[in-house]
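For reference, the structure is listed below as structure tokens.
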There are 2 protein chains.
Amino acid sequence: MTIHTNHQAPSLTPATFEILLALADQERHGYGIMREVERRTEGVVKLGPGTLYGSIKRMLEAGIIEESGDRPDPEMDDDRRRYYRLTTQGRQVAIAEANRLQRQVHQAREKNLLLKLVG
Amino acid sequence: MTIHTNHQAPSLTPATFEILLALADQERHGYGIMREVERRTEGVVKLGPGTLYGSIKRMLEAGIIEESGDRPDPEMDDDRRRYYRLTTQGRQVAIAEANRLQRQVHQAREKNLLLKLVG
DNA sequence: GTTTATATATCGTCCGCTGATATATCGAGA
DNA sequence: TCTCGATATATCAGCGGACGATATATAAAC
């Protein structure tokens, strides 16, 4: 997985961006990422274990996420879990991708693929 | 290439959506699609011949684009060109994808990955 | 007439997605 | 306590799309 940090970067894979979005507001473990993505997309996007753990492995190697040593309250914790968070670079990559998607949505609106927000 | 027409469809590949966007406002031939994508994305997305003609072939088979018999003014034409346009299904697919991306951009904004439009 | 841009097409390689499979533990309820 | 579904992580083989390289040919420009 080659990550381009310059502002003219090719698109991330959809699965990678979904995981970055899931980690954007808080640290999560793998299974928690899976549930958050499913919840946020209303069941449209379902990351199977292959996609999930395969993506996590590649994103760790690319340096856009990292494992966190922090653990939640012991009563809420589970030893099996492995928690992840965005790196500084990972947040930059997520921001760049969000901007790219935003431009693409604007272009789709210009081509009348989206309903106008205001008359 | 499996295209899902229901409203809860998995994402298209980025290259496929770029081509749908290029054809959304007018018919174009392959090389014209390539230039339009490069122009619209300001050089960020460059479809090489493998991606371009491979994607066109798959999209034809999937029924989301079709070859057009229409030709422009003979003086502006070129016999080598093959013109394509969206099918009805292709436009529906493009609209569904644009809506999916719009939701994703909203979610990115909720997670503070995009600057707020209004304070 | 030579070169550059236009135009289409195929091929092999790489790599991410996916479902299947495996393993193990936690929590709830009978 | 036993069982079972949910939780949790991990690997693997197969498929399919992206991509660069390569090929071929014609139009346009100089």
Quiz item: So, is A/Thr51 near the phosphate of C/dG16, with a side-chain N or O under 4.0 Å from OP1 or OP2?
Solution: no

Practice problem: Check the distance between C/dA9's C1' and B/His29's NE2 and give it to me in whole angstrom. | Solution: 16 Å

Quiz item: Across the strands shown, which category fits B/Arg80 at heavy-atom distances under 4.0 angstrom: base, sugar-phosphate, nothing?
Solution: base

Quiz item: So, are B/Glu38 and B/Arg35 salt-bridged, with charged N and O less than 4.0 Å apart?
Solution: no

Self-check item: Atom pair distance, as rounded to whole Å: CE in A/Met76 and P in C/dC26
Solution: 16 Å

Practice problem: Indicate whether any N or O donor in one side chain lies under 3.5 Å from an N or O acceptor in the other, for B/Arg85 and B/Tyr83. | Solution: no

Quiz item: Between A/Arg35 and B/Lys46, which is nearer to the 5' end of DNA chain D once each is assigned its nearest nucleotide?
Solution: A/Arg35

Quiz item: Over how many whole Å does the gap from A/Asp78 atom CG to C/dA28 atom P extend?
Solution: 13 Å

Exercise. Have a look at B/Gly50 and say if it touches a base, only the backbone sugar-phosphate, or nothing, with a 4.0 Å heavy-atom cut-off.
Key: base

Practice problem: Could you state the atom-to-atom distance from CZ of B/Arg28 to P of C/dT6 in whole Å? | Solution: 15 Å

Quiz item: NA contact type, B/Met34, heavy-atom cut-off 4.0 Å: base, sugar-phosphate, or nothing?
Solution: nothing

Exercise. Report yes if at least one side-chain N or O of A/Thr13 is closer than 4.0 Å to OP1 or OP2 of C/dG16; otherwise report no.
Key: no

Self-check item: Shortest non-hydrogen separation from B/Arg100 to B/Ser11 and the atoms involved
Solution: NH2-CB, 3.0 Å

Quiz item: What are the 5'-most and 3'-most nucleotides of DNA chain D lying under 4.0 Å from any heavy atom of chain B?
Solution: D/dG17 to D/dA27

Quiz item: Toward the 5' end of DNA chain C, which comes first, A/Asp79 or B/Tyr84, by nearest nucleotide?
Solution: B/Tyr84

Exercise. Work out which heavy atom in A/Thr51 is nearest to a heavy atom in A/Ala15; give both atom names and the distance.
Key: CG2-CB, 3.8 Å

Quiz item: In terms of side-chain heavy atoms of B/Pro49, which of C/dA9, C/dG16, C/dA24 is nearest?
Solution: C/dA9

Exercise. Working to the nearest 0.5 Å, report the span between CG of B/Leu21 and OG1 of B/Thr16.
Key: 11.5 Å

Quiz item: If you pin A/Leu47 and B/Tyr53 to their nearest nucleotides in DNA chain C, which one's is more 5'?
Solution: B/Tyr53

Self-check item: For A/Ile3 against A/Ala62, the heavy-atom pair lying closest together
Solution: CG1-CB, 3.7 Å

Exercise. Can you measure from CG (B/Leu47) to CD (B/Glu18) and round to the nearest 0.5 angstrom?
Key: 7.0 Å

